[in-house]
Amino acid sequence: MEKKQELYSGKAKSVFATDDNDYVVLSFRDDTSAFDGEKVEQLSRKGEVNNKFNAYIMQYLADNGIPTHFEKLLNETESLVKNMKMIPVECVVRNVASGSLVRRLGVEDGLELNPPVFEFFLKNDALHDPMVNEYHIETFGWAKAEDVNKMKELTFKVNELLKKLFADAGMILVDYKLEFGLFKGEVYLGDEFSPDGCRLWDAETRKKLDKDRFRQGLGGVIEAYEEVARRIGVPL
Ligand code: CDP
């Protein structure tokens, strides 16, 4: 597989073509951003940690029946993935109230949510990723109704699998964001799953082990990501 020209550069990852149009190289950079790209810093080792973390989670999900774009790790910071047409909608599940839910509804941070809450957001930094619903997604043609249902079903299945994976390692999966795409007409999980796109708290102390450490300037960001990786057995 030969790596070719850069196709796209996002806030934390870049995408490169390969000699096979069905596959692209996902390259994890050290760039770390928050607040729709307003706060950006380079955090040493982050690209490598997130690449390996994501590979482990994607493989775990695939082994448990979730269709994902992940094919294989290529090196420390790069993975081979399916070349998908991404759906510009983020799927968020929340098991515990935090972040924008608390700001929006004034509920207590840390409140357990039963049943978990599901939310869609439009991927659009200029509009600050506004919350949308199924009607917006269908009317504006961002995804077909059947694919929206599939995204929702898969996002909840991921919740059952990952809540347990992290709980068994002494952590609470507070919330997370997933993105999906279409490959040969079928819905697959895309993007990444790493502490950049979820909230994880230590079950005993409630210490934050995710990107909130960066957002809130708490320090020890990569050390926390590495601790999560070590606890669930990701080979770093
Ligand atoms: O993080 P923030 O308070 O701005 O937004 P949220 O709606 O509370 O985020 C819910 C979950 O989705 C958190 O785990 C975020 O890290 C994640 N998220 C993300 O990865 N990318 C976004 N553009 C928005 C949220």
Side-chain angles (χ1 to χ4, degrees), residues 8-13 26 28-29 31-41 43 46-47 49-51 53-54 57-58 61 68-69 86-113 115-133 136-137 142 151-152 154-156 158-159 161-163 165-167 171-181 189-202 206-218 221-222 224-225 228 232:
Y8 174 79
S9 187
K11 294 196 287 287
K13 299 189 291 301
L26 206 53
F28 290 73
R29 307 194 313 269
D31 298 314
T32 312
S33 73
F35 313 119
D36 303 316
E38 276 170 34
K39 175 174 178 173
V40 184
E41 272 173 42
L43 295 181
K46 195 190 69 124
V49 172
N50 277 3
N51 182 42
F53 194 100
N54 175 64
I57 297 285
M58 288 282 173
L61 294 175
T68 89
H69 69 156
M86 293 304 291
I87 295 168
V89 167
E90 303 182 332
C91 298
V92 169
V93 162
R94 304 174 183 275
N95 297 304
V96 176
S98 200
S100 74
L101 181 79
V102 168
R103 294 195 294 274
R104 205 177 329 118
L105 301 182
V107 295
E108 186 195 339
D109 197 290
L111 181 73
E112 197 178 318
L113 303 171
V117 166
F118 184 100
E119 295 168 341
F120 288 116
F121 296 92
L122 176 66
K123 242 180 107 73
N124 186 321
D125 278 343
L127 297 177
H128 305 292
D129 292 351
M131 187 191 258
V132 294
N133 65 31
H136 301 111
I137 298 173
W142 298 321
M151 282 160 45
K152 222 155 84 171
L154 291 172
T155 303
F156 275 117
V158 166
N159 196 38
L161 292 166
L162 296 189
K163 241 185 355 188
L165 180 84
F166 290 115
M171 290 170 282
I172 301 167
L173 179 59
V174 170
D175 58 27
Y176 59 91
K177 181 265 302 178
L178 300 181
E179 293 180 30
F180 294 86
L189 174 61
D191 191 45
E192 69 180 283
F193 191 102
S194 75
D196 266 0
C198 69
R199 289 191 170 92
L200 287 164
W201 294 350
D202 179 87
R206 298 220 151 190
K207 179 184 169 189
K208 296 180 195 301
L209 300 168
D210 55 67
K211 196 154 99 176
D212 270 349
R213 301 200 71 80
F214 175 72
R215 292 189 189 96
Q216 299 175 11
L218 300 174
V221 181
I222 295 311
Y225 288 21
V228 176
I232 62 172

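The first residue in the sequence is number 1, and the count goes up from there. First listed ligand is number 1; within each ligand, the first listed atom is number 1. Computed from heavy atoms alone, side chains included, the values below leave out hydrogens, waters and symmetry copies. Fair warning: this is a prediction, and the values are worked out from it, not measured in the lab.
Considering only non-hydrogen protein atoms, atom 13 (C) of ligand 1 sits nearest to Asp175 OD1, 3.2 Å. Looking only at protein heavy atoms, the nearest one to atom 18 (N) of ligand 1 is Lys177 CB, 3.7 Å. Closest protein heavy atom to atom 23 (N) of ligand 1: Asp129 OD2, 3.1 Å. For atom 1 (O) of ligand 1, the closest non-hydrogen atom of the protein is Arg199 NH2, 3.1 Å. Closest to atom 16 (O) of ligand 1, if we only count protein heavy atoms, is Arg215 NH2, 2.8 Å. Annotation: atom 22 (C) of ligand 1 to nearest protein heavy atom, Glu90 OE1, 3.6 Å. Here the protein heavy atom with the shortest distance to atom 4 (O) of ligand 1 is Arg103 NH2, 3.3 Å.
If you run side-chain hydrogen bond (donor to acceptor under 3.5 Å, both in side chains) between Asp191 and each of His69, Lys13, Lys123, only Lys13 comes through.
Where the criterion is an N or O separation shorter than 3.5 Å, residue side chain and backbone included, Arg104 fails it with respect to ligand 1.
The atoms of ligand 1 that sit less than 4.0 Å from any heavy atom of Gly99 are 3 (O), 8 (O). Set against the non-hydrogen atoms of Cys198, the atoms of ligand 1 under 4.0 Å away are 14 (O), 16 (O).
Put simply, the side chain of Arg29 reaches to within 4.5 Å of the side chain of Ser9, judged on heavy atoms. At least one side-chain heavy atom of Leu189 sits under 4.5 Å from a side-chain heavy atom of Leu61. Put simply, the side chain of Tyr176 does not reach to within 4.5 Å of the side chain of Leu200, judged on heavy atoms. Residues Asn159 and Leu173 have side chains in contact (heavy-atom distance under 4.5 Å, counting atoms from C-beta outward). Using a 4.5 Å heavy-atom threshold, the side chains of Ser194 and Phe28 count as separate.
Within the 4.0 Å heavy-atom criterion, the part of Arg94 lying near ligand 1 is the side chain and not the backbone.
A 6.0 Å sphere centred on CD of Glu112 holds no more than 12 heavy atoms belonging to other residues, nucleotides or ligands.
A cation-pi contact, defined as under 6.0 Å to the ring centre and within 45° of the axis, is absent between Lys46 and Tyr225.
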